[in-house]
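First the proteins, then the strands, lettered A, B, ... as listed; each starts at 1.
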Protein chains: 2
Amino acid sequence: MDRTDPLSATFSALAHPARRAILARLAEGGTTVNVLAEPFDMSLPAVSRHIKVLERAGLIQQEKNAQYRRCTVNAAPLRAVASWTEQYRPIWETRLDAMERCLMALTENLDDR
Amino acid sequence: MDRTDPLSATFSALAHPARRAILARLAEGGTTVNVLAEPFDMSLPAVSRHIKVLERAGLIQQEKNAQYRRCTVNAAPLRAVASWTEQYRPIWETRLDAMERCLMALTENLDDR
DNA sequence: ATGTTAATTAACACAAGCGTTAATTACAAA
DNA sequence: TTTGTAATTAACGCTTGTGTTAATTAACAT
């Protein structure tokens with residue numbers, strides 16, 4: 001089975017909290033690898049690899065400027081995730097899961113008082 | 001870093017095309033493991049494990065009935081993905097990526113004729 | 001030239017993911 | 001009770017992911 005399709009790469013890239021944190025930071029504006037690495041309790045090479053994963057998934061871009069690599073967010077894969085998720089909107093709007101039925105029941109009880 | 005948070009589990013579960021296919025099939029209605037496994041060129045135990053991954057991520061539920069396990073979609077994690085993605089809507093609505101700038105340029109050229 | 005800074009690559013260790021076949025559990029039906 | 005069906009677990013192998021430290025590349029600055 002093909003596990004190298006773009007959507008799989010995107011979901012896979014987003015499956016690590018450090019990479020989502022990097023993305024969140026970049027949403028506020030592009031910056032360099034060292035700045036991105038600073039808040040993490042992790043070595044620089046580790047962060048560098050996370051960035052590479054994001055780049056290979058097309059979620060970010062790196063442009064060289066002297067010895068710096070400025071990273072910026074690339075929106076397309078996020079849109080793909082959004083549209084994939086939209087496909088399930090009918091389900092999450094109509095169908096209540098177990099927890100929700102439980103919350104509904106609790107709310108009803110509160111209303112009864 | 002905590003890699004067992006719910007969102008990571010969800011993205012991780014969605015990162016495999018077989019699991020997304022299983023989810024798509026279940027969106028049409030709950031069914032059993034064997035039925036889910038049928039379209040795949042993969043052994044039953046393999047599919048069983050994919051189902052377990054989806055279940056541990058909270059994306060599906062299994063209810064036992066005799067020797068059958070009926071699987072159904074659970075919407076909550078999908079909503080979480082949607083709302084995580086929404087956070088980046090401003091970016092993907094305003095920011096054009098490289099490919100898009102390229103398409104824009106092409107369109108402009110066409111208009112010029 | 002030499003040293004400093006930014007970032008990556010190399011080499012390694014260890015855990016997790018994904019697939020297989022064979023064995024096992026749980027239930028139904030004859 | 002035996003047989004068949006649904007599904008999981010066991011045991012294994014292989015690949016990928018994630019982190020480390022040490023070494024290396026690339027560019028700037030003195």
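Aromatic ring orientation, F11(B) versus W84(B): perpendicular (interplanar angle above 60°, classes split at 30° and 60°).
In this entry the distance linking CG of L14(A) with C1' of dG17(D) reads 16 Å, nearest Å. To the nearest angstrom, P of dT25(C) lies 14 Å from NZ of K64(B). The CE atom of M42(B) sits 12 Å away from the C1' atom of dG17(C) (whole-angstrom rounding). In this structure, I22(A) places its CD1 atom 13 Å from C1' of dT18(D), rounding to the nearest Å.
In this structure, the nucleotide among dT21(D), dG19(D), dT20(C) sitting nearest to the side chain of A46(A) is dG19(D).
Legend: residues meeting ring-ring contact (aromatic ring centres under 6.0 Å, His included) with Y68(B), ordered by chain and number and at least two apart, are absent. Every residue meeting the side-chain hydrogen bond (donor to acceptor under 3.5 Å, both in side chains) condition with E86(B), not counting sequence neighbours, appears here in chain and number order: R89(B). Take S8(B) and apply the side-chain hydrogen bond (donor to acceptor under 3.5 Å, both in side chains) test, not counting sequence neighbours, and it matches R20(A), D5(B). The side-chain hydrogen bond (donor to acceptor under 3.5 Å, both in side chains) check on E55(B) picks up nothing, with sequence neighbours excluded. Annotation: side-chain hydrogen bond (donor to acceptor under 3.5 Å, both in side chains) contacts of R56(B) (sequence neighbours excluded): none.
The side chain of S43(A) contributes an N or O atom lying less than 4.0 Å from OP1 or OP2 of dT20(D). Within the 4.0 Å cut-off from OP1 or OP2 of dG19(C), at least one side-chain nitrogen or oxygen of H50(B) is found. For H16(B) and dG19(C), the shortest distance from a side-chain N or O to OP1 or OP2 is below 4.0 Å.
Each of D41(B) and S12(B) lies near DNA chain C, and the nucleotide nearest S12(B) is the one positioned closer to the 5' end.
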Please list, pair by pair, any protein nitrogen or oxygen found under 3.5 Å from a nitrogen or oxygen in nucleotides 4-10 of chain D.
| residue | atom | partner | partner atom | Å |
| --- | --- | --- | --- | --- |
| dA7(D) | OP1 | V33(B) | N | 3.3 |
| dA7(D) | OP1 | R69(B) | N | 3.2 |
| dA7(D) | OP2 | N34(B) | N | 2.7 |
| dA7(D) | OP2 | N34(B) | ND2 | 2.4 |
| dT8(D) | OP1 | Q62(B) | NE2 | 3.1 |
| dT8(D) | OP2 | S48(B) | OG | 2.4 |
| dT8(D) | O5' | S48(B) | OG | 3.4 |
| dT9(D) | OP2 | K52(B) | NZ | 2.7 |

